Structures are given as C-alpha cells and as structure tokens.
Amino acid sequence: MSSAPTESLNLVFDADDTLWDSNIHFLEAFDFFAAAVGDAVLDISRVEIHAAVRSAEMRLIKTHGYGRRPYVMALHQAAAELAPAGHDRLRDEIERIGAHLLERDCALLPGVEPTLQQLSQRHRLLIFTKGQRDEQLHKLARSGLGPLFDRVETPREKDVDAYRRLVRDADLDPSLTFMIGNSPRSDINPAVAAGLRAVFIPHPHTWDLEHEEINDAGDRIIELTSFRRLVEVF
C-alpha cells in the first residue's frame, strides 16, 4: 500500500456500496420478482428471468439513468415480456416489491461515519455517484452525513469525460485528488485515466456490471480492505 501526500487533499467518494449498502436491496428485489414470475409461468428458469430483467435495465439506463425507480420499471417490462397473459396479476406484486425497494433505508457500512468525521477535519470531501439525484440526495440526508461534504455530483455515467468535468467544475488539482469507491468500472479506471489517483475498497455485493480488471497504474491506485483504513492513508 502506497502513501498519499500529507497536505490537504480532495477526497471524492462514491456512495452506493462505498458509504452505504445498496445493491443487496436490488438482489433481494430480484429474488422476490423471480419467485413471483416462477409462480405465474411454468417451466421458466431463473436465468431466463434474469436475462429479461437485465435487458430491460439496459434499455432504461439509456433514458432514465440508474436508480431504484428505473429498476422497478424494468421489472414491469420484464414481466410483460415473460408473462404477457399473467402480467396483470404480477403488477400488484411488482408494486409491492417496488414500494419495499424504494422505502428501504441504506445502512451505513462499518466505520463510515467516524472515518468521514476524521477525514473532514483534514481534507475536502466530495460525493461523485451515479443514480437519480433526488434519490441519492434523499439517501444522503437520511444518512446524516451531508454536512461533511463540500459538493455532491450525480452524473449520468462516471466515465473519463465525467471526471474531467468534475475536475473543472469543482476546481480540483488532479494530483491532489483521490476517487474512493468499490467499482473498478466507474470509480477506479476512469478516474485514473482522467489523471486522478484512486482508492479501491471492494464490496462483496458490487453490481456485476461494475466488475472489470483494474488497469495497471502503479502507485496511483491504493487498495484497502476496509473503509476504516482510510484514516491510516490520509
């Protein structure tokens, strides 16, 4: 593990599955949905159900972005495809699944609050996370962490161009800026490609579409086993 500079830094945090649990709620919602579709359609496999949901998700991401409401829409679209004759019966069940998903509180991950409290005394903290802005701001407000962050950005995608816009708009020095998150695809590789440094903190339930090999960037990437260890580095 390499050491970061000792001066004041810009620490940019992902939110979902970095600050709080999120994807486990989607996994749970899919389990409920798969069971409901299995009851409505004979001889359908979980693989087929998952493929239909994923196809609907990818279509909706292009028009509605990431988030819980688009996911519920994807469940409705998948149900209409998989069980056209029984979709009316499934609709109420999907509404119950969706209501539960939307109401679920996102529990902070271990050590997040005290670690951020300490880091905020020495560094500038920002959030840079995908998802519908009102949904993410709601989760941040419920977490009680909002006052610790100087800026909250919710881009449609976290690609290299998005990071370059963040550097410009937030007046960041890339050499003094670290992106901290659990996703190689969205948090680590594009941030480093945009000139930032990064801290990778794996999460056991990271969304499968966020997985990819981390590009070799030498000492510009730090990997930690827990969020608490950020205070050792910064």
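This structure is a prediction, so every number in the text was calculated from the model and none was measured. Residues take their numbers from the sequence shown, with the count starting at 1.
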* **Pair Asp159 + Arg164: basic N to acidic O under 4.0 Å** => no

* To do: Would you sort out whether Ile222 and Val233 count as a side chain to side chain contact (heavy atoms under 4.5 Å, CB included), showing the intermediate values?
  => CA-CA 9 Å; Ile222 300 169; Val233 178; 3.8 Å; yes

* Nearest heavy-atom pair of Ser226 and Ile201: which atoms, and what distance? -> C-CG2, 4.1 Å

* To do: If a pair satisfies salt bridge (charged side-chain N to carboxylate O under 4.0 Å, His left out) and one of its residues is in residues 166-175, list it, with sequence neighbours excluded.
  => none

* Ignoring hydrogens and angles, state whether a donor on the side chain of His203 or Asp21 is under 3.5 Å from an acceptor on the partner side chain. => yes

* **Nearest-0.5 Å distance that lies between atom CG in Leu126 and atom CE in Met179** => 10.0 Å

* Apply the test side chain to side chain contact (heavy atoms under 4.5 Å, CB included) to residues Ile180 and Leu11: give CA-CA distance (whole Å), side-chain angles for both, the deciding distance (0.1 Å), then the verdict. => CA-CA 7 Å; Ile180 300 163; Leu11 303 183; 4.1 Å; yes

* Pairwise side-chain contact, Leu108 with Ser143, heavy-atom cut-off 4.5 Å (strictly under) -> yes

* Does Thr206 reach the side chain of Asn23, with side-chain heavy atoms less than 4.5 Å apart? -> no

* Aromatic ring proximity Phe178/Phe234, centre distance under 6.0 Å -> yes

* To do: Check whether the ring centres of Phe128 and Tyr163 lie less than 6.0 Å apart, and answer yes or no.
  => yes

* Side chains of Val12 and Glu153: closer than 4.5 Å at any heavy-atom pair? -> no

* To do: Is it possible for you to say whether Leu224 and Leu119 belong to one hydrophobic cluster, with membership spreading through side-chain heavy-atom contacts below 4.5 Å?
  => yes

* Can you check side chain to side chain contact (heavy atoms under 4.5 Å, CB included) on Arg151 and Ile127, steps first, answer last? -> CA-CA 6 Å; Arg151 189 182 186 98; Ile127 288 181; over 6 Å; no

* To do: Spell out, yes or no, whether Leu9 and Val152 are grouped together once hydrophobic residues are joined by side-chain heavy atoms under 4.5 Å, including indirect joins.
  => yes

* To do: Please collect all side chain to side chain donor-acceptor pair (under 3.5 Å) contacts where either partner lies in residues 10-19, sequence neighbours excluded, each pair once.
  => Asn10-Thr177, Asp14-Thr18, Asp14-Thr129, Asp14-Lys158, Asp16-Trp20, Asp16-Gln136, Asp16-Lys139, Thr18-Asn182

* Asked: Are Ile61 and Phe30 in one and the same hydrophobic cluster, where Ile, Leu, Val, Met, Phe, Trp and Tyr link if side-chain heavy atoms are under 4.5 Å apart?
  -> no

* Structure fact -> Heavy atoms of Ala34 and Ile49 approach each other most closely as O-CD1, 3.7 Å

* Structure fact -> Between Gly38 and Ile44 the two heavy atoms that sit nearest each other are CA-CG2, 4.2 Å

* Asked: Between Arg59 and Ser55, is a side chain to side chain donor-acceptor pair (under 3.5 Å) present by the stated rule, with each step listed?
  -> CA-CA 6 Å; Arg59 290 194 302 269; Ser55 178; 3.0 Å; yes

* Structure fact -> Output for pair (Asn189 CG, Asn215 CG), nearest 0.5 Å, gives 4.0 Å

* Structure fact -> Distance col, row Leu145:CG vs Leu125:CG, nearest 0.5 angstrom, shows 10.0 Å

* Asked: Tell me, do His211 and Asp208 make a side-chain contact under 4.5 Å, heavy atoms counted?
  -> yes

* To do: Might you point out which heavy atoms bring Gly98 and Val72 nearest each other, and give the distance in Å?
  => CA-CG2, 3.5 Å

* Run the salt-bridge test on Arg185 and Glu212 with the 4.0 Å N-O cut-off and return the result as yes or no. => no

* Shared ILVMFWY cluster between Val53 and Met73, side chains joined below 4.5 angstrom? -> no

* Asked: Can you tell if the side chain of His205 reaches within under 4.5 Å of the side chain of Ser22, non-hydrogen atoms only?
  -> no

* Asked: Is the closest side-chain heavy-atom distance between Arg124 and Ser8 below 4.5 Å?
  -> no

* Spell out, as yes or no, whether a donor-acceptor pair under 3.5 Å connects the side chain of Gln132 to the backbone of Tyr66. => no

* Could you walk me through whether Arg68 and Phe26 pass side chain to side chain contact (heavy atoms under 4.5 Å, CB included), step by step? => CA-CA 8 Å; Arg68 300 187 174 210; Phe26 290 87; 3.6 Å; yes

* **Distance-minimising heavy-atom pair for Leu60 and Ala74** => CD1-N, 3.3 Å

* Asked: Do Glu135 and Arg133 pass the salt bridge (charged side-chain N to carboxylate O under 4.0 Å, His left out) test, and can you show the C-alpha distance, the side-chain angles, and the key distance before you say yes or no?
  -> CA-CA 5 Å; Glu135 183 180 302; Arg133 185 168 180 81; over 6 Å; no

* Would you list the pairs meeting salt bridge (charged side-chain N to carboxylate O under 4.0 Å, His left out) in which at least one residue belongs to residues 25-36, sequence neighbours left out? => Glu28-Arg104, Asp31-Arg46

* Would you tell me whether Lys130 and Ser186 have side-chain atoms, one donor and one acceptor, within less than 3.5 Å of each other? => yes

* To do: Using distance alone, with no hydrogens and no angle criterion, decide if Ser45 and Glu48 have a side-chain donor and acceptor under 3.5 Å apart.
  => yes

* For the pair Ser120 (side chain) and Leu148 (backbone), establish whether a donor and an acceptor sit closer than 3.5 Å, ignoring hydrogens and angles. => no

* Measure across Ala162 and Pro155 and return the closest heavy-atom pair with its distance rounded to 0.1 Å. => CB-CB, 4.5 Å

* Is there a donor-acceptor pair closer than 3.5 Å between any side-chain N or O of Asp39 and the backbone N or O of Val41? -> no

* Asked: How many angstroms lie between atom CD of Glu223 and atom CZ of Arg229, to the nearest 0.5 angstrom?
  -> 10.5 Å

* **Ring center gap for Phe13 and Phe227 short of 6.0 angstrom** => yes

* Asked: Between His76 and Glu95, is any side-chain donor less than 3.5 angstrom from a side-chain acceptor?
  -> yes

* **Single-linkage hydrophobic cluster, 4.5 Å side-chain cutoff, Val199 and Leu19 together** => yes

* How many angstroms lie between atom CG of Asp187 and atom CG of Leu196, to the nearest 0.5 angstrom? -> 11.5 Å

* Asked: Ignoring hydrogens and geometry, is there a side-chain-to-backbone donor-acceptor pair from Arg220 to Val192 under 3.5 Å?
  -> yes

* Distance, nearest 0.5 Å, that separates CG of Leu82 from CG of Leu90 -> 9.0 Å

